[in-house]
Amino acid sequence: MADYKQAITLGFSGASGAPYGLRLLEILVALNYEVFVLISSAARVVLDTESNVKLSANEEKAAEQLSALFDANEGQIKVFGKENWFSPVASGSAAPKKMVICPCSVGTVSAIAQGASDNLLERAADVVIKERGQLIVVPRETPFSEIHLENMLKLSRLGVTVMPAAPGFYHQPKSIDDLVDFMVSRILDHLGITHTLTERWGYGEKKS
């Protein structure tokens with residue numbers, strides 16, 4: 001059995017932004033983290049549409065697909081279905097203390113803010129909040145309505161980090177991958193994970 005640094009829960013919901021979540025998963029695997037992956041039905045459609053990743057609805061097969069895609073160790077990536085209530089993430093006694101939902105739909109934001117817990121993704125987020133763990137949500141919607149903003153404010157007041165998928169340009173990106181890495185690097189920063197994905201402000205050589 002491999003000795004991983006830590007277990008982190010990574011949720012994919014149905015917002016646009018699948019490349020962010022996939023890149024985050026790739027980096028976590030490369031840095032030797034165990035990752036519990038939760039994928040909504042809508043997220044499977046988005047993954048296929050945006051990244052040509054056609055994931056099986058079967059948990060074990062989906063884990064095998066992602067493991068092959070990112071050269072993960074056997075068992076390093078675990079996928080749990082939306083109604084797998086016996087998974088570790090469903091209980092405060094077993095769930096990882098850190099969770100990221102990337103991308104996060106505003107519908108998922110709403111459900112978490114209201115404590116709905118109608119599926120495993122929502123329940124896992126609820127568990128992290130109640131156990132005073134670290135939850136990061138990466139919403140991708142524009143514009144935000146007052147409803148969206150109120151829900152995000154509620155989560156922020158509960159200690160959730162709300163990090164909209166809004167990459168910066170001060171690092172002078174040359175590709176879409178550079179923009180994706182900008183957001184993933186900020187997520188990693190908040191998780192307290194050391195990385196070298198992007199150049200930090202004020203540390204690089206000034207570009208004319």
Next item on the list: Please test Phe36 against Met99 for side chain to side chain contact (heavy atoms under 4.5 Å, CB included), starting from the C-alpha separation and ending with a verdict.
Entry: CA-CA 9 Å; Phe36 295 166; Met99 178 178 182; over 6 Å; no
Next item on the list: Examine distances only and state if a side-chain atom of Glu26 and a backbone atom of Phe70 form a donor-acceptor pair shorter than 3.5 Å.
Entry: no
Next item on the list: Quick one: closest heavy-atom pair of Val127 and Ala90, and the distance?
Entry: CG2-O, 3.7 Å
Next item on the list: Check the surroundings of atom NZ in Lys5: do more than 12 heavy atoms from other residues, nucleotides or ligands lie under 6.0 Å from it?
Entry: yes
Item checked: Contact summary for Glu122 and Ala116, nearest pair of heavy atoms -> OE1-CB, 3.7 Å
Next item on the list: Calculate, to the nearest 0.5 Å, the distance between atoms OG and CD1 belonging to Ser110 and Ile147 respectively.
Entry: 8.0 Å
Note to self: To the closest 0.5 Å, what do you measure between CZ (Arg123) and CG (Leu38)?
What the structure shows: 12.5 Å
Notebook entry, point to check: To the nearest 0.5 Å, what is the distance between CD (Gln134) and NZ (Lys97)?
Noted result: 12.5 Å
Check: Distance from Lys82 atom NZ to Asp118 atom CG, nearest 0.5 Å?
Finding: 11.0 Å
Next item on the list: Check step by step if side chain to side chain contact (heavy atoms under 4.5 Å, CB included) holds for Leu47 and Phe12.
Entry: CA-CA 9 Å; Leu47 284 165; Phe12 291 77; 4.1 Å; yes
Note to self: Using 0.5 Å steps for rounding, measure from the CG atom of Leu66 to the CG atom of Leu22.
What the structure shows: 7.5 Å
Next item on the list: Given side chain to side chain contact (heavy atoms under 4.5 Å, CB included), test Glu34 with Gln6 step by step and report yes or no.
Entry: CA-CA 6 Å; Glu34 182 180 21; Gln6 189 179 25; over 6 Å; no
Next item on the list: Using side chain to side chain contact (heavy atoms under 4.5 Å, CB included) as the criterion, point out the one residue from Thr194, Ile27, Val100 that pairs with Leu188.
Entry: Ile27
Next item on the list: Count the heavy atoms belonging to other residues, nucleotides or ligands that lie under 6.0 Å from CG of Leu158, then report whether that count exceeds 12.
Entry: yes
Check: With ring centroids as reference points, do Phe182 and Tyr20 lie under 6.0 angstrom apart?
Finding: no
Item checked: Ser13 side chain vs Ser105 backbone, donor-acceptor pair below 3.5 Å -> yes
Next item on the list: Assess the side chains of Asp189 and His195: does a donor N or O sit below 3.5 Å from an acceptor N or O?
Entry: yes
Next item on the list: Using modelled atom types only, decide if a donor and an acceptor are shared between the side chain of Thr49 and the backbone of Val45 within a distance under 3.5 Å.
Entry: yes
Checklist line | Gap between atom CZ of Arg23 and atom CE of Met183 - 0.5 Å precision | finding: 14.0 Å
Check: Any chance the side chains of Asn119 and Glu83 put a donor and an acceptor closer than 3.5 Å?
Finding: no
